[in-house]
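Everything below concerns the one structure shown next.
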Amino acid sequence: VYQAGLHLPDDITIVWPDDNYGYMKQLCSPRERLRSGRSGVYYHTSYLGKPHDYLWFSSTSPALMYEELRKACDATADRLWLLNAGDIKGCERAVDLFLAMAYNINAFDYSNIATYEARMLSRLYGNYERLVEITVGFYDLAFQRKPELMGWGYQWSTDKHGRERTTDTEFSFTNYREAQRRIESCKHMARLSEEVMASLDPAAAASYFQLLHYPVRGAELLNRMILAGQQNRWYASQGRAAANALRAEVKNCYDSLELITRGYNTLLGGKWNRVMTMRQGFASSYFELPPTDSIVLAPAPQLGVWVEGEGFDGYHILPVFSSLTRRTYRFDIFNRGTG
């Protein structure tokens, strides 16, 4: 309506929204910057809506927040800052950063924004070096794909599909070990977080668990669950004996997610009971057990081979070797039987 020509009194503040995922859609033009009402922002670190929500915990990159809000502030969006933080729990770290930048954005720059959370948390829990690695790694993985968006299908298309369906992700098990490296990184962050929690006294450990460990461990388990399900379905299509073990791993990750969620809700005598849940009862299904396949194996061992490659020779995919590119390729030799 405003862009269609609605006239605003000069002292009215224009509040620009982000795109629901942390990127500002529009800011004041040079002419609009001269208005006495100036402008503000409406920003998201939690979101319910199309095309896909993220309500579990905040994973918006601090570097992205700084880049977008610094840009907004420079464009006179300094009159009102409004943050959508969902139900607040799960977004405490993002709320703290948002308010700190609103209070004095000039205290931040690209050299210190990535370590802000670690500095804030280390005042409570020590372990600064570990916390830097955990927080930077956590946001790096979430920037590639938020936990709530792992394996998502058709949320908010319920008229056509009924409800969200789990799908394969774009992370590949066949190209550059993308999926495997992501799983390894998730496990590494969770191990570091376990070490920090083990170093704390019980009172501090409880607050650390709900503030940082639960998101880090939850993201690890959900990533492993979704990606192991994806790998299971691929392995099952090839008849690999390892497919059944992966199916069991998916269930183990799901059970562990339930366990740590129950742990969150029973902390300190149930202080935050029911704040976290794996039963959303809505369109999203990222907490659900993903579909997996089980296969009946032959009693005798059977050799199977899978080859990574770029070219086709009849029905066989073959690797292309060159003395110029010096590429290496992966050959998987696997068993299709129980022997």
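The first residue in the sequence is number 1, and the count goes up from there. Just so it is clear, the structure is predicted and the values come from calculations on it, not from any experiment. Computed over heavy atoms, backbone and side chain alike; hydrogens, waters and symmetry mates excluded.
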Donor-acceptor pair, distance only, cut-off 3.5 Å: does the side chain of [X] make one with the backbone of [Y]?
{"X": "R119", "Y": "Y128", "answer": "no"}
{"X": "R247", "Y": "A243", "answer": "no"}
{"X": "D87", "Y": "K89", "answer": "no"}
{"X": "N112", "Y": "D109", "answer": "yes"}
{"X": "N265", "Y": "T261", "answer": "yes"}
{"X": "D168", "Y": "Q230", "answer": "no"}
{"X": "N84", "Y": "G86", "answer": "yes"}
{"X": "N232", "Y": "L246", "answer": "no"}
{"X": "R93", "Y": "M120", "answer": "no"}
{"X": "E133", "Y": "R130", "answer": "no"}

I need the minimum non-hydrogen distance between [X] and [Y], along with the two atoms involved.
{"X": "M276", "Y": "G90", "result": "CE-CA, 4.2 Å"}
{"X": "P301", "Y": "N335", "result": "CA-OD1, 3.5 Å"}
{"X": "P9", "Y": "R35", "result": "O-NH2, 3.0 Å"}

Interatomic distance, [X] atom [atom1] to [Y] atom [atom2] [nearest 0.5 angstrom]:
{"X": "L227", "Y": "C186", "atom1": "CG", "atom2": "SG", "value": "7.5 Å"}
{"X": "L192", "Y": "E129", "atom1": "CG", "atom2": "CD", "value": "11.5 Å"}
{"X": "L83", "Y": "M65", "atom1": "CG", "atom2": "CE", "value": "6.5 Å"}

Does the pair Q3 and Q26 meet the rule for a side-chain hydrogen bond (donor to acceptor under 3.5 Å, both in side chains), with working shown?
-> CA-CA 11 Å; Q3 290 173 337; Q26 183 177 346; 2.4 Å; yes

Does atom CD1 of I88 have more than 12 heavy-atom neighbours from other groups under 6.0 Å away?
-> no

Decide yes or no for [X] and [Y]: does some side-chain heavy atom of the first lie under 4.5 Å from some side-chain heavy atom of the second?
{"X": "L131", "Y": "L212", "answer": "yes"}
{"X": "N244", "Y": "I295", "answer": "yes"}
{"X": "L303", "Y": "R336", "answer": "no"}
{"X": "W81", "Y": "L69", "answer": "yes"}
{"X": "Y2", "Y": "I14", "answer": "yes"}
{"X": "R182", "Y": "R145", "answer": "yes"}
{"X": "Y43", "Y": "E68", "answer": "yes"}
{"X": "E220", "Y": "V216", "answer": "no"}

For the pair F98 and T45, evaluate side chain to side chain contact (heavy atoms under 4.5 Å, CB included) and give the outcome as yes or no after the intermediate values.
-> CA-CA 10 Å; F98 185 85; T45 54; over 6 Å; no

Sort out for me which residue in F173, W234, F331, F334 forms a ring-ring contact (aromatic ring centres under 6.0 Å, His included) with W306.
-> W234

Which is it for V307 and Y329 under the side chain to side chain contact (heavy atoms under 4.5 Å, CB included) test, yes or no, and what are the steps along the way?
-> CA-CA 8 Å; V307 182; Y329 295 88; 5.7 Å; no

Taking [Y] as the starting point, is it possible to reach [X] by hopping between hydrophobic residues whose side chains are less than 4.5 Å apart?
{"X": "V41", "Y": "L82", "result": "no"}
{"X": "V136", "Y": "L141", "result": "no"}
{"X": "L64", "Y": "Y42", "result": "no"}

Does the plane of the ring in [X] sit parallel, tilted or perpendicular to the ring in [Y]? Use 30° and 60° as the thresholds.
{"X": "H44", "Y": "Y47", "answer": "perpendicular"}
{"X": "W56", "Y": "Y214", "answer": "perpendicular"}
{"X": "Y66", "Y": "F108", "answer": "tilted"}
{"X": "Y21", "Y": "Y54", "answer": "tilted"}
{"X": "F138", "Y": "F57", "answer": "tilted"}

side-chain hydrogen bond (donor to acceptor under 3.5 Å, both in side chains) assessment of Y125 paired with S207 = CA-CA 10 Å; Y125 308 114; S207 66; 2.7 Å; yes

Go through the steps to decide whether R330 and N175 satisfy the test side-chain hydrogen bond (donor to acceptor under 3.5 Å, both in side chains), and finish with yes or no.
-> CA-CA 9 Å; R330 181 178 178 85; N175 296 318; over 6 Å; no

Given the rule in the side-chain hydrogen bond (donor to acceptor under 3.5 Å, both in side chains) test, do S122 and N127 qualify, once you have shown the distances and angles that lead to the verdict?
-> CA-CA 6 Å; S122 66; N127 291 283; over 6 Å; no

Side-chain ion pair, E32 and R38, N-O less than 4.0 Å | no

Could you walk me through whether L222 and L257 pass the side chain to side chain contact (heavy atoms under 4.5 Å, CB included) check?
-> CA-CA 7 Å; L222 188 131; L257 267 173; 4.3 Å; yes

